[in-house]
Amino acid sequence: MNIKLRLIILVFLQYYIWGAWLISLGGYAGLPVNEGGLGFTGIQIGSLFATMGFTSLFMPGLLGIVADRWLNAEKVLGISHILAAIFIFMASQVKEYHIFYLYLFLHTCFYMPTISLTNSVSYNALEKNGLNSVKDFPPIRVWGTVGFIAAMWTVDFLGFARNSVQLFISAGAGIIMALYSFTMPNTPPTRNNNNKGLVHALGLDAFVLLKNKKMAIFFFFSMLLGCSLQITNAFGGPFLDSFKSTYPNSFGVKHPNLLLSISQISETLCILLIPFFLQKFGIKKVIMISMFAWFLRFGLFGLGNPENKIYLLIISMIVYGMAFDFFNISGSLFVDNETDKSIRSSAQGLFMIMTNGLGAILGSYGSGWVVEHFTVNGITNWPYVWFTFATYSLIIFIIFPFVFNPKKSSK
């Protein structure tokens, strides 16, 4: 089989596993027990999504050490997916919060590192076949987002968005991914980082960048924007479920995953706009566009509904692409441009720690607290929730241009 097609299947499966539950778990977890859900509170739901932040702080680095020193990356990838599949399957069998949390935490311990391991295996395979990873990998990676969307649609159309079967589907896809990983071209340990230790592997040596005022400010705002990343993942489903009594036959209530998947479709398309916007406006304005897009994302959720104002929700899904891509990808490019080659990988690790680690943790728990605060007698005032998040994004948008001043050369 053509190596590009093999890698397309690899990244498709990698993100299919995630897409099966990431967007719909919040709806299932928040649904009352008598309706087939888990009946978790807002803070409990937020804590479930914070598991990805906690495990992103250390597990990718630890398993990266294993792949760099002792075991082929494709084997580490396969073993990790087997363990991740076992734990997400075990989570599908329980309803008690603490046990469910433990199994999901263990699942993310082994799933989150597979994102970077899949990239490593892909880069190696492309290089072995004489291809350029910078040129040839992005079109392959797009199929990861396609896999994520396909999983969301599968769960939605089969009626599993509000029950535990979504986790079973993720586990099944994980086993398939594990077996497929073992067939990938060998990616042997390089053994060239043996003298650099755990600090380097975890990306902690890049903390020296925080001595630079410009970079310290950038990473601080990276953390603040990272807080926004998991909010609609965790509470988009429960929000749409809240309209079951007022608009029971609306598209958004009947097919929440389908409506929310517009965000991922927009994300795929907005990647193509980044080179133009960076060239035209520079990094500072591009990040400001992302911040304002987050303001619109949350504000439109507060104003919309899945019936006569569904167009506001659709616009919110569309601007999500700019909110996510214009910060995550442009920010990564900025870090790459501003750091020395000797710590470039570590700097990217620090960027991930601030966004998908610390930012995701603070955002998950903070959003859970906000939802809990505006919930009385089991009824959540969702407009107040979304307007709170929108206000948060607007404040960041207003402050950012006054404190962040990159050099003009940083385009």
Side-chain angles (χ1 to χ4, degrees), residues 22 49 52-53 56 115 138 141-142 144-145 148 206 209 214-234 236 263-301 315-339 347-364 366-367 389-406 410-411:
L22 183 65
F49 284 82
M52 291 174 281
S56 293
I115 296 174
R141 171 58 185 83
V142 167
T145 306
F148 192 97
L209 292 171
K214 174 181 65 178
M215 296 305 293
I217 292 172
F218 173 79
F219 282 120
F220 177 72
F221 276 90
S222 297
M223 181 185 70
L224 295 180
L225 279 175
C227 292
S228 302
L229 296 179
Q230 295 295 350
I231 292 175
T232 46
N233 287 343
S263 298
Q264 278 64 46
I265 296 172
S266 172
E267 179 189 330
T268 304
L269 298 175
C270 283
I271 291 175
L272 305 176
L273 299 176
I274 290 175
F276 169 78
F277 274 82
L278 280 176
Q279 183 70 28
K280 183 74 174 177
F281 301 109
I283 185 66
K284 182 175 181 177
K285 290 182 179 178
V286 168
I287 292 179
M288 288 183 66
I289 292 172
S290 170
M291 292 173 171
F292 193 73
W294 279 117
F295 165 71
L296 292 176
R297 165 72 160 177
F298 297 134
L300 290 168
F301 258 50
I315 295 173
S316 176
M317 307 301 169
I318 293 172
V319 300
Y320 172 84
M322 301 182 77
F324 183 85
D325 288 335
F326 278 34
F327 166 66
N328 267 16
I329 297 178
S330 299
S332 177
L333 292 171
F334 173 75
V335 170
D336 186 71
N337 187 59
E338 293 291 328
T339 54
Q348 292 295 334
L350 178 58
F351 181 63
M352 290 295 290
I353 287 172
M354 300 303 286
T355 54
N356 291 347
L358 294 177
I361 293 169
L362 294 173
S364 296
S367 60
F389 298 147
T391 302
Y392 168 79
S393 301
L394 185 61
I395 291 172
I396 295 174
F397 170 77
I398 293 171
I399 295 175
F400 181 74
F402 293 102
V403 297
F404 181 68
N405 295 295
S410 303
K411 276 195 176 183

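Sequential numbering from 1 along the given sequence is applied to the chain's residues.
A distance of 8.0 Å separates OG1 of Thr268 from CZ of Arg141, quoted to the nearest 0.5 Å. Rounding to the nearest 0.5 Å gives a distance of 9.0 Å between CD1 of Ile398 and CZ of Phe295. Taken to the nearest 0.5 Å, the CD atom of Gln264 stands 8.0 Å off from the CG atom of Leu22. To the nearest 0.5 Å, atoms CG (Leu362) and OG (Ser367) are separated by 10.5 Å.
Put simply, the side chain of Ile265 does not reach to within 4.5 Å of the side chain of Ile318, judged on heavy atoms. At a threshold of 4.5 Å between non-hydrogen side-chain atoms, the residues Trp294 and Tyr320 count as touching. Taking 4.5 Å as the limit, some side-chain heavy atom of Met322 sits within range of a side-chain heavy atom of Ile289. Side chains of Phe326 and Leu273 form a contact here, defined as non-hydrogen atoms less than 4.5 Å apart. Val403 places a side-chain heavy atom less than 4.5 Å from the side chain of Phe221. No side-chain heavy atom of Phe276 sits under 4.5 Å from any side-chain heavy atom of Gln279. A 4.5 Å side-chain heavy-atom check between Ser266 and Met317 finds every atom pair outside the cut-off. Residues Met52 and Asn356 form no side-chain contact, since every pair of their non-hydrogen atoms from C-beta on lies 4.5 Å or further apart.
When all heavy atoms are compared, the tightest approach of Leu229 to Thr355 is CD1-O, 4.3 Å. Shortest non-hydrogen contact noted between Leu296 and Ser316 is O-OG, 4.5 Å. The two residues Ile396 and Leu224 have their closest heavy-atom pair at CD1-CB, 3.8 Å. Considering every non-hydrogen atom in both Ala323 and Ser290, the closest pair reads O-OG, 2.7 Å. The minimum heavy-atom distance linking Met354 with Phe219 is given by the pair CE-O, 3.5 Å. Here the closest heavy-atom approach between residue Phe277 and residue Val286 is recorded as O-CG2, 3.6 Å.
The aromatic rings of Phe334 and Phe218 sit tilted, their planes meeting at an angle between 30° and 60°. By the 30° and 60° cut-offs, the orientation of the rings of Phe404 relative to Phe400 is parallel.
Listed for the Lys284 side chain is no donor-acceptor partner under 3.5 Å among the backbone atoms of Asn405.
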Apply the test side-chain hydrogen bond (donor to acceptor under 3.5 Å, both in side chains) to residues Arg297 and Ser228: give CA-CA distance (whole Å), side-chain angles for both, the deciding distance (0.1 Å), then the verdict. CA-CA 10 Å; Arg297 165 72 160 177; Ser228 302; over 6 Å; no
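Not counting sequence neighbours, Tyr392 has no partner by the ring-ring contact (aromatic ring centres under 6.0 Å, His included) test.
You'll find the ring centres of Phe301 and Phe298 outside the 6.0 Å limit.
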